[in-house]
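To start, the structure itself, in structure tokens.
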Amino acid sequence: MSHKPFTPTTTLLNTASPYASTNDTSLFLNIGYSASPVSCKVHPMVVFSVLDHYVRREENQPRVIGALLGLNYDGVIEIKNSFPIPHHDIDENHEVVAIDKDFHKNMLELHQRANPSEIIVGWYATGSDVNESSVLIHDFFWREMQLTNQHYPPVHLLVPTELKDQEEMTIRAYVSSPLNLSQASEKPLGVYFQPLQFEFVTFEAERFAVDQLIKHKSEEESQTWELPSDLATLESSIRRLLKLITDVSNYVDNVVAGTTPGDTQIGRHLMETLALILKVDSNTFEKLFNSNLQDLLMTSYLSNITRTQLILSERLLSSNPILLSSINNQPTKENI
């Protein structure tokens, strides 16, 4: 396997001497972070970016890595963006890895100009397993996160790229923990990656885009399609909501009838959802709805009148140059 020549900006990570650094914030020294993330939320665009990075990888490169950016809500990590980082595995045993540290720094600065609130929360890699080099890369990102005074270890997102027929993509998230024989050990024997609970969350625009991709996945690549109107989108959302309500109602009926075993977790979710709905009778709800609708129509009516008046005034002035010149030449208080 051929490798690119190393530049002064390349950082070498070696598993043969993990304790060579004297930095006390190293992941291997079991110092620096006080708690682990509780869970993480991943936006679908992050996964699309990772897969796009893998498709555009260099020839004979088995995997790609990159940084994950997002927000930290007291241990709940929300991963919103990512960017790729060039790297090279020096040997086949994954004992030496080269990472372009300056490229990572420059990309982070450019990204934070557009999204100043987002910070480094971890890193991603393609594949299905965690190997020796993953520990080194994990430690590299932990050091980078220490520069922003973060006290949570980085999240490692593993995205598989080899899928078989009828197989779903199993994306996993990990967080690292030092492996010690006793609490008095100064240096841990190693690091183990434990699974981290995560879920997919979407903005409204992301959900709409993903729904459209799924809807038109069977069409030809060269075929173009128009975006639905606001009314069509509202109708589609209402139909989907009605379908979900019908499915939940059928599930509850089957549980009550004894044909389907009950699930306590689903029951709690249903109770929490129903508790959010205000108990309002139909007549009161109709009055509130009509009142808000009248206010909305009045606002729309007034805005249309104002816009029409402005258009008429502009056309009158443009069709009467004498009136326009007289307005422009009207003396002001200073001239008087």
Side-chain angles (χ1 to χ4, degrees), residues 1-15 18 20-28 32-33 37 40 42-72 77-90 94 96-127 133-159 161 173-176 206:
M1 181 183 296
S2 61
H3 300 284
K4 289 186 176 181
F6 298 117
T7 63
T9 63
T10 303
T11 300
L12 290 178
L13 307 177
N14 193 343
T15 58
S21 174
T22 59
N23 188 357
D24 289 342
T25 61
S26 173
L27 182 69
F28 294 96
Y33 61 86
C40 69
V42 183
H43 288 261
M45 295 307 298
V46 175
V47 179
F48 292 154
S49 299
V50 174
L51 296 177
D52 181 72
H53 182 199
Y54 181 78
V55 171
R56 301 173 186 271
R57 72 190 187 279
E58 297 180 2
E59 188 178 359
N60 298 327
Q61 188 174 7
R63 68 170 181 175
V64 294
I65 67 171
L68 298 175
L69 300 103
L71 303 174
N72 187 341
I77 309 299
E78 182 178 1
I79 303 174
K80 304 175 66 176
N81 281 299
S82 65
F83 61 82
I85 298 178
H87 88 290
H88 298 283
D89 293 317
I90 306 304
H94 306 288
V96 182
V97 183
I99 295 180
D100 196 335
K101 185 176 181 179
D102 284 359
F103 180 88
H104 163 75
K105 180 180 178 181
N106 294 334
M107 286 294 296
L108 179 60
E109 291 178 354
L110 291 174
H111 185 88
Q112 288 185 334
R113 289 183 183 180
N115 303 279
S117 62
E118 296 182 4
I119 56 177
I120 294 289
V121 294
W123 65 288
Y124 69 81
T126 56
S133 63
S134 299
V135 180
L136 296 176
I137 300 173
H138 206 72
D139 183 60
F140 167 78
F141 278 94
W142 167 237
R143 297 174 188 273
E144 294 297 318
M145 292 172 61
Q146 282 287 287
L147 299 178
T148 57
N149 297 323
Q150 297 190 57
H151 301 288
Y152 287 88
V155 174
H156 176 33
L157 192 68
L158 196 59
V159 181
T161 54
Y174 295 95
V175 66
S176 62
E206 292 176 333

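Note that the OG atom of Ser134 and the CG atom of Leu158 stand 7.5 Å from one another [nearest 0.5 Å]. Here the NE2 atom belonging to His104 is positioned 5.0 Å from the CD1 atom belonging to Ile85, to the nearest 0.5 angstrom. The CD atom of Glu144 lies 10.5 Å from the CG atom of Asp139; values are rounded to the nearest 0.5 Å. With rounding to the nearest 0.5 Å, the separation of CG in Leu71 from CD1 in Ile77 is 9.0 Å. The CH2 atom of Trp123 lies 9.5 Å from the CG atom of Leu68; values are rounded to the nearest 0.5 Å. To the nearest 0.5 angstrom, Asn81 atom CG is 10.0 Å from Phe83 atom CZ.
For Phe48 and His53, the gap between ring centers reaches or exceeds 6.0 Å. A distance of 6.0 Å or more separates the ring centres of Phe141 and His156.
Contact between Glu118 and Gln112 at its shortest, heavy atoms only, is O-NE2, 3.2 Å. The minimum heavy-atom distance linking Leu69 with Ser82 is given by the pair CD1-CA, 3.9 Å. Of all the heavy atoms in Leu157 and Ala173, the pair that sits closest is CD1-CB, 4.2 Å. Here the shortest heavy-atom pairing between Pro154 and Met145 reads CB-SD, 3.3 Å. Scanning both residues, Phe103 and Pro84, for their nearest heavy atoms gives CE2-O, 3.2 Å.
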(message) side chain to side chain donor-acceptor pair (under 3.5 Å), that's the test. Do Glu78 and His43 meet it? Break it down for me.
(response) CA-CA 8 Å; Glu78 182 178 1; His43 288 261; 2.8 Å; yes
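Geometric assessment of Arg143 against the ring of Phe140 yields a negative cation-pi assignment under the 6.0 Å and 45° thresholds.
Counting heavy atoms from C-beta on, the side chains of Thr126 and Val50 come closer than 4.5 Å. The side-chain heavy atoms of Val135 and Ile137, taken from C-beta on, include no pair separated by under 4.5 Å.
No more than 12 heavy atoms of other residues, nucleotides or ligands lie within 6.0 Å of CE in Met45, so this atom counts as exposed by the packing criterion.
Side-chain polar atoms of Arg63 and Ser133 form a donor-acceptor pair below 3.5 angstrom.
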